[in-house]
Every structure is written in C-alpha cells, then in structure tokens.
Amino acid sequence: MAAAAVAMAERVVADLREKCETPPSLLREVASEMAREMGAGLEKEGGSRVKMLLSYVDKLPTGREEGLFYGLDLGGTNFRVLRVQLGGNEKHVVNRESREVSIPPHLMSGSSSELFGFIATELAEFVADDKCTAISNGKKRELGFTFSFPVKQRSVASGTLVKWTKAFSIDDAVGEDVVAELQTAMEKQGLDMHVAALINDAVGTLAGARYYDQDVVAGVIFGTGTNAAYVEKANAIPKWEGELPHSGDMVINMEWGNFCSSHLPITEYDEELDKESLNPGEQASICIYEKLMSGMYLGEIVRRVLLKMSAHSSVFGNIDHTKLKTHFLLRTPHISAMHHDETPDLKIVAEKLEENLEITGTSLEARKLVVEICDIVARRAARLAAAGLAGILMKLGRDCSVEKQRSVIAIDGGLFEHYTKFRECLEITLGELLGDEAGKSVAVKHADDGSGIGAALIAASQSQYSNVE
C-alpha cells in the first residue's frame, strides 16, 4: 500500500482524535453543567433539557421485604415476567424464576387491547405455575411494571404513554394509562393481581441494587440507550406539588439523553448522524449526550469515519462502497470485538471488516488505524459517561470526600457489561474527576437485570400490605 494513502488515512484519524479530545478540564465543565441542568429541571417543568421526571417512588427496598412479588419488564420485542420470594431480614431472595416471551410482530402495531391481552395471558400462565403458597387469603398478588417507553406519571402506579419508540406503533395506546390497560387485561384473564408500581429500567436498576446495598444513590443504564435515576431529597424539588412523602425522598428519572452542553466535543460525523436520524434535535440537538455515548450509535460513528477515510485515501484498496455507505450496518458489538482484538495480525479486525462491510485484503497498517478509530470513539463515550456520573454526585454534594459517606452507582446495560474497554475507561475517568480522596468513597457496581428484579423489589417496597417490619 502506498505511503501516501496511509498518510492521508492517518490525517483523518488525527483530525478525529483532536476533535474527540476530553481533557479533565472539559469533563469537569460537562459535570458542572449536568449538575446545573439537574437543578433547573427540578425547579420547574420544562426548565431544562434534562427532564428530571418524578417517579413517585419514595420508598426503595431496604432488604427487609418479605413475601412473593412479581415483575413485568416490557422494553422491546420481548418481555419478561418474574417472581421472587423474599426472605425478610437477610437481604435474601429465597427463590427467583423468570420467563422471556417474544411479542409477535403483528401485535406491535395492532391495538392496545391485543398487546396487553397477550401479555396478561402469558402472565396468567406464569402465575398458574406457582409452586409457592405465599399469597395468603384476601391478599392480591402484587406486580412491579417496568415500561421502558416515554410516559407521563401522575402517581407511582399510573402513567400515560407519551409515544412509542423502538418497533412499536400502537396508536390507540398513546395518551392512555398503561397501568389501567394492563389491569383491565389481567382482570379479563381472571388474574387477581395489583400493579403496585410503574417504573423504567433506570429506576429498576437503582431499586435492584439498593436492596443489597443501602449506599446505592443512583441507577444508570449504558446499553442501546442511556438514562439515569437517583435519590433526591423531596424538599430539594421546587416543582413538587402537594404534601412531601414521609420518607423525605423521591427517586428522579433524569431522562438525561437530551442533555446539551457547548462543552461536548462534537465532530462532523456526529452532526451528520444527528441530521439524518429519526429524531434530530431530540435525545438530540447537535449537542446530544445520548448520541455520543450509547450503544445504538457508537458503531455508526465508526462506520462514518471509515467511509471518509476510504473516500479520501486508497487505504482499503479499490473497494465497492455500497456496504460502507449503509447506515447502522456496523454495530457496537462489532467495534467492541475489533477494539479488543489482541491477535498479532489483528485477524478479528480483518474478519469483521469482511463480514460486515465487504472490505477484504486489508493491510496491517489499515487494521491498526481501524482499532485506533474504535478506541477514540469509545474513549470519548466512556469519558463523557463518567462526567455525567460526576455531575450526579456533584448535585448530591457527594463529589468531595465526606467522612464515612459511601456512594455507590449501580450500572446496567450491555455497553457497560460487555464492552470491557468502555467500562474500564469510565471507571478510571470517574476516579480522575473525583480525585484520590473522594474517589475512595465512590464505587461503581455492575447491577445485573435491574429492570426485571428491580420491578419486583419496588412492588415489595410499595406493597399495600404490611410485609415490611
């Protein structure tokens, strides 16, 4: 391969590296701005691009809950139903069972009653398998419902659907209370079950981790999308109307994907991606947090850089650009596999380029440049993610060392769980932003299956029966 081609390709990479730089000073500005936006969102509805929605969850699990509870997790083309038997004082899940069900495609664009009818039928079958006799006479079974679509909540167990996302388009459900729809469908099935709470996956992650560790202050999702929920003092929420909860706390669903700051390092690739996306200016406007750091977009950013590199140099040889021009053909699991390639000749990089983009016969120099692009895009994502976490800690006054004050952030989602270099970079960056002293009192934990078990645990903490000491 001609040296000129490599030099041209290296210039594209060097330009990307420069534009994606995230020095600590910039990240501290991002964190400060996140904390300010959080305050503005708590001040009044619409006061900030970070929505800061009240979840109406004022009590989180303590580890003392006892009894049998159910969770329903609906957030994509599958849903899951779970039951957990809680053993009381020992922070002990005595028994836990779950079932995953695929939603037939026609129900994702049919009617509300058909979708919820299908879910209730599966739930009834799952309940019929109960081997536990822990539901005593006169008590209804209680269910926590994780619903990962935009809803407007008015109480802990009601919420009207604002709009569908992902592959759903059921018009007659928009503007309706999804809990009422589910409750009606369950009654038609003769299922004596009460929906105790409606939550999203970030709130579920917080609850699931809090059950085992009372120092958990926030639950965060880094997966296909990203969001965060944290525990706020109820008297620090000026937009709160009505009586403050007895606990004095309120879980806030941040919806932080819309966060916008002039300090975010934006490239031409991000700008083009935003213009062409389904929702420009939302989880967006050209400074969109979510589009810089969630699994949905990282592979697509890398694809766009590769396309420019190929167009400006013959680094990949004379290739057909059809695949390389196809949006979202390169996914984040592909870039993770290339980024983690430790073979001497970067064999995995060669395989992924061939499988996904029909780029064959690449040189080792070209493959090294591909790994470097993956590294730049993933590092920027991880460092901006860490700045968001630092912003939450700053808002809570937990970003500096306080004697005996431990703060745990629970994180769920495939990006954090499976993309090792993303996770490691996030953890190192958070330590860098907090400094040695404060860093010792802050821990980041992987919380597995928050959206499922968290729903059942919130049902337990919100139970209408006195099952908690």
Side-chain angles (χ1 to χ4, degrees), residues 55 57 59-76 78-101 119 122-123 126-127 129-132 134-135 141-148 156-157 179 182 193-224 227-231 251 253 408-414 416-418 443-463 465 467-468:
S55 70
V57 172
K59 294 195 294 280
L60 283 164
T62 61
R64 298 195 298 273
E65 290 76 12
E66 196 170 351
L68 182 67
F69 298 92
Y70 293 81
L72 168 63
D73 179 12
L74 173 64
N78 297 331
F79 68 88
R80 281 182 318 135
V81 287
L82 305 89
R83 66 173 148 254
V84 293
Q85 179 79 39
L86 303 177
N89 274 334
E90 308 140 26
K91 297 191 177 178
H92 186 36
V93 175
V94 179
N95 192 26
R96 168 182 172 173
E97 295 168 271
S98 67
R99 182 184 298 168
E100 188 153 329
V101 182
I119 292 169
E122 294 291 333
L123 190 53
F126 183 68
V127 168
D129 292 346
D130 265 358
K131 301 190 177 54
C132 305
I135 301 293
R141 289 179 167 85
E142 293 181 293
L143 171 88
F145 183 15
T146 303
F147 185 73
S148 298
V156 72
V179 172
L182 177 61
M193 188 176 268
H194 161 70
V195 181
L198 174 70
I199 61 169
N200 71 5
D201 48 1
V203 177
T205 297
L206 170 57
R210 184 69 167 254
Y211 178 75
Y212 294 102
D213 187 341
Q214 290 298 296
D215 290 331
V216 172
V217 294
V220 184
I221 305 291
F222 291 119
T224 306
N227 192 20
Y230 76 103
V231 187
V251 174
N253 164 25
V408 179
I409 296 173
I411 303 180
D412 196 5
F416 184 80
E417 185 179 355
H418 302 301
V444 167
K445 273 189 178 177
H446 174 229
D448 193 18
D449 181 30
S451 54
I453 188 109
L457 291 169
I458 288 217
S461 65
Q462 299 290 324
S463 174
Y465 307 113
N467 54 17
V468 181

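- Looking only at side-chain heavy atoms (C-beta outward), L72 and T146 stay at 4.5 Å or farther from each other.
- In this structure N78 satisfies the side-chain hydrogen bond (donor to acceptor under 3.5 Å, both in side chains) test together with E100, S102, sequence neighbours excluded.
- S148 contributes atom OG, which lies 6.0 Å from atom CG of D73 (distance to the nearest 0.5 angstrom).
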Apply salt bridge (Lys or Arg N to Asp or Glu O under 4.0 Å) to D215 and R210, showing your working. CA-CA 7 Å; D215 290 331; R210 184 69 167 254; over 6 Å; no

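- T205 and A410 get closest at one heavy-atom pair: CG2-O, 3.7 Å.
- Scanning all heavy atoms of the two residues, the minimum distance from A447 to A209 falls at CB-CB, 4.4 Å.
- We find that R99 and D129 are joined by a salt bridge, their nearest charged nitrogen and carboxylate oxygen being less than 4.0 Å apart.
- Looking at heavy atoms from C-beta onward, Q462 lies in side-chain contact with K59 at the 4.5 angstrom threshold.
- A distance of 3.5 Å separates OG in S463 from CD in E142, rounded to the nearest 0.5 Å.
- Under the 4.5 Å side-chain criterion, counting only non-hydrogen atoms from C-beta, L143 is not in contact with V81.
- If you take CD on E65 and CG on L86, they are separated by 6.5 Å, rounding to the nearest 0.5 Å.
- Annotation: side-chain contact (heavy atoms from CB on, under 4.5 Å) contacts of H446 (sequence neighbours excluded): D412, F416, E417, D448.
- A 4.5 Å side-chain heavy-atom check between R96 and I453 finds at least one atom pair inside the cut-off.
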For I119 and L74, run side-chain contact (heavy atoms from CB on, under 4.5 Å): C-alpha distance rounded to whole Å, both residues' side-chain angles, the deciding distance at 0.1 Å, then the answer. CA-CA 9 Å; I119 292 169; L74 173 64; 3.9 Å; yes

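- Residues A202 and A228 share a closest heavy-atom pair of CB-C, 3.9 Å.
- Annotation: side chain of V93 is not in contact with side chain of Q85 (no heavy-atom distance under 4.5 Å).
- Of all the heavy atoms in N200 and V203, the pair that sits closest is OD1-N, 3.0 Å.
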Apply side-chain contact (heavy atoms from CB on, under 4.5 Å) to residues F145 and I458 and explain how you reach the verdict. CA-CA 9 Å; F145 183 15; I458 288 217; over 6 Å; no

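- Annotation: side chain of L206 is in contact with side chain of V216 (closest heavy-atom distance under 4.5 Å).
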I411 vs F222, test: side-chain contact (heavy atoms from CB on, under 4.5 Å). Steps then yes/no. CA-CA 7 Å; I411 303 180; F222 291 119; 3.5 Å; yes

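- Here the side chains of V101 and F126 are not in contact, with every heavy-atom distance at 4.5 Å or above.
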Apply side-chain contact (heavy atoms from CB on, under 4.5 Å) to N227 and V220, showing your working. CA-CA 6 Å; N227 192 20; V220 184; over 6 Å; no

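- Residues forming a salt bridge (Lys or Arg N to Asp or Glu O under 4.0 Å) with D201 (at least two apart in sequence, or on another chain): none.
- With a 6.0 Å cutoff to the six-membered ring centre and a 45° limit on the axis angle, R141 does not count as a cation-pi contact of Y70.
- Between A459 and G144, the closest heavy-atom pair is CB-N, 3.5 Å.
- Taking 4.5 Å as the limit, every side-chain heavy atom of F69 sits out of range of all side-chain heavy atoms of L457.
- When every heavy atom of P61 is checked against every heavy atom of S461, the shortest pair comes out as N-CB, 3.8 Å.
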